[in-house]
J.: 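Below are the structure tokens for one structure; questions will follow.
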Amino acid sequence: MESGNDTQISEFFLLGFSEEQEQQPLVFGLFLSMYLITVFGNLLLILAVSSDSHLHTPMYFFLANLSFVDICFTSTTIPKMLWNIQTQSKVITYAGCITQMYFFTLFAVLDVFLLSVMAYDRYVAICHPLNYMVFMNPLLCGLLVMASWIMCILNSLLQSLMMLRLSFCTHLHIPHFFCELNEMVQLACSDTFLNNLVMYFAAVLLGGGAFAGILYSYSKIVSSIRGISSAQGKYKAFSTCASHLSVVCLFYCTMLGVYLSSAAPQSSHASAIASVMYTVVTPMLNPFIYSLRNRDIKRALKRIQGA
């Protein structure tokens, strides 16, 4: 295929994790198991929050939204990978690749935004407990979630439109198990300066801004907890945000590790494997992290089981 307009391209090839045919059943079984655990775990968490009136609070409202986004996040990539393994095909159409990239970018950034909103919620709960329900009223909670969706949709739309302007040459093999934005930009044979500029500007503005919000919230939370005189009071205050802090650390550390490692040469295969941590493992662990030490969630789950 000669270099030309990208509309002439009909398909890409997702190389995945392994070329070895005998390893494919193991990969299929492993990812199918993780995907089912992710979907059912997050659905159970959403059901617990929606069915228990005691959980109709801002914190659990944001948690239910995060669970929904995590289901969508994994559903963007894993089913296609499982289908390709089952059919012994690595092909994804050009339109399918752009669509997958759009939704992956949307839900990845939305995850970051919701974690930032949840950090603000914990800041208000710990630093301004008497005015918590005044500040975190249903209207504000709805607006925060809606604003997060709107910004992420616009960002994904911009990135997708920027991708449509690129031309691709003969090398159409993506060394990943999904159509990742950065990998696709690197495959282009036309000038990618503007794409890289927009991509990194969005990463700094949206991802960096959300992370700065999380850091600011927790700096205030730590300062407030240090001002509590009793050890029991400190523990109680910290326990209210321990689960969220665990998810933030897991998500950001794995994502940072992936993109730092991708800067090195010959690391595409290793980067694809490392990407599993934040695209599959973190969404799978979220329901367990939020429910194992949360009495309210445990109580709601027991009511569902007893129903």
Side-chain angles (χ1 to χ4, degrees), residues 38-39 41-75 106-129 131-153 155 206-207 209-221 224 237-252 255 278 282-301 304:
T38 300
V39 172
N42 282 286
L43 279 177
L44 199 58
L45 196 57
I46 294 172
L47 181 61
V49 171
S50 60
S51 63
D52 193 331
S53 59
H54 295 94
L55 301 182
H56 293 175
T57 62
M59 180 177 72
Y60 295 110
F61 170 71
F62 296 134
L63 179 57
N65 277 273
L66 181 67
S67 293
F68 173 74
V69 171
D70 280 342
I71 293 173
C72 297
F73 190 30
T74 53
S75 297
L106 167 64
F107 293 121
V109 180
L110 193 52
D111 241 358
V112 172
F113 269 59
L114 287 177
L115 289 174
S116 179
V117 169
M118 293 171 75
Y120 174 72
D121 171 74
R122 293 300 83 206
Y123 156 71
V124 176
I126 293 174
C127 300
H128 304 283
N131 295 318
Y132 177 69
M133 294 310 298
V134 176
F135 289 162
M136 301 304 295
N137 58 77
L139 177 60
L140 177 62
C141 293
L143 287 175
L144 287 172
V145 171
M146 184 173 68
S148 298
W149 273 93
I150 291 173
M151 284 189 285
C152 293
I153 288 172
N155 172 61
L206 301 180
F211 186 60
I214 293 174
L215 291 179
Y216 177 79
S217 296
Y218 273 102
S219 68
K220 292 295 184 179
I221 288 172
S224 180
F238 179 76
S239 64
T240 63
C241 57
S243 297
H244 175 262
L245 187 59
S246 301
V247 172
V248 168
C249 292
L250 184 62
F251 185 83
Y252 270 96
M255 181 179 284
Y278 80 91
T282 300
M284 180 182 69
L285 293 180
N286 282 357
F288 298 99
I289 293 173
Y290 278 106
S291 61
L292 287 178
R293 297 183 60 187
N294 191 305
R295 296 177 182 176
D296 295 330
I297 294 290
K298 286 181 179 179
R299 185 173 60 246
L301 291 174
I304 292 174

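Everything quoted here is computed from the prediction, not taken from an experiment. Just so you know, residue 1 is the first one in the sequence shown, and it goes up from there. The figures that follow rest on heavy atoms only: side chains count, while hydrogens, waters and symmetry mates do not.
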J.: Quick check: do Tyr278 and Phe73 have side-chain heavy atoms less than 4.5 Å from each other?
T.: yes
J.: Would the distance check show the side chain of Ser75 and the main-chain N or O of Cys72 forming a donor-acceptor pair, the cut-off being under 3.5 Å?
T.: no
J.: Using modelled atom types and a 3.5 Å cut-off, is there a donor and acceptor pairing between side-chain atoms of Asn286 and backbone atoms of Asn42?
T.: no
J.: Counting distance only, does the side-chain N/O of Asp121 pair as donor-acceptor with the main-chain N or O of Val117 below 3.5 Å?
T.: no
J.: If you measure from CH2 on Trp149 to CG on Leu144, what distance do you get to the nearest 0.5 Å?
T.: 15.0 Å
J.: As an exercise, state the distance from CD1 of Ile297 to OH of Tyr60, rounded to the nearest 0.5 Å.
T.: 5.0 Å
J.: Could you report the tightest heavy-atom contact between Ile71 and Thr38, atom names first, then the distance?
T.: CG1-O, 4.5 Å
J.: Quick check: closest heavy atoms across Ala48 and Leu301, and the distance to 0.1 Å?
T.: CB-CD2, 3.9 Å
J.: Could you work out, with side-chain contact (heavy atoms from CB on, under 4.5 Å) as the rule, every residue matching Tyr218, not counting sequence neighbours?
T.: Ala119, Ile214, Ile221, Cys241, His244, Leu245
J.: How close do Val109 and Asn155 get, heavy atom to heavy atom, and via which atoms?
T.: CG2-ND2, 3.9 Å
J.: For the pair Phe135 and His128, name the ring-plane relationship: parallel under 30°, tilted 30 to 60°, perpendicular over 60°.
T.: perpendicular
J.: Quick check: does any side chain N or O of Ser116 sit under 3.5 Å from a backbone N or O of Val112, one acting as donor and the other as acceptor?
T.: no
J.: Please report the shortest heavy-atom distance between Val69 and Phe107, naming the atom on each side.
T.: CG1-O, 3.6 Å
J.: When rounded to the nearest 0.5 angstrom, what distance separates CG in Asp296 from CG in Leu55?
T.: 5.5 Å
J.: Measure from the side-chain N and O atoms of Asn137 to the backbone N and O of Val134, and report whether any donor-acceptor pair falls under 3.5 Å.
T.: yes
J.: Phe62: which residues meet the ring-ring contact (aromatic ring centres under 6.0 Å, His included) condition with it, sequence neighbours left out?
T.: none
J.: Can you measure from OH (Tyr290) to CE (Met59) and round to the nearest 0.5 angstrom?
T.: 9.0 Å
J.: Hey, what do you get for CG (Leu66) to CG (Asp111), rounding to the nearest 0.5 Å?
T.: 5.5 Å
J.: With a 3.5 Å distance limit and no angle check, can you tell me whether Ser224 reaches the backbone of Lys220 through a side-chain donor-acceptor pair?
T.: no
J.: Minimum heavy-atom separation for Pro287 to Leu45, with atom names?
T.: CA-CD2, 4.0 Å
J.: With rounding to the nearest 0.5 Å, note down the distance linking CZ in Arg122 to CZ in Phe238.
T.: 13.0 Å
J.: Scan Tyr252, Phe113, Phe251, Tyr216 and name whichever one has a ring pair (Phe, Tyr, Trp, His ring centres under 6.0 Å) with Phe211.
T.: Tyr252
J.: Does a sphere of radius 6.0 Å around CZ in Phe68 hold more than 12 heavy atoms from other residues, nucleotides or ligands, not counting ones at 6.0 Å or beyond?
T.: no
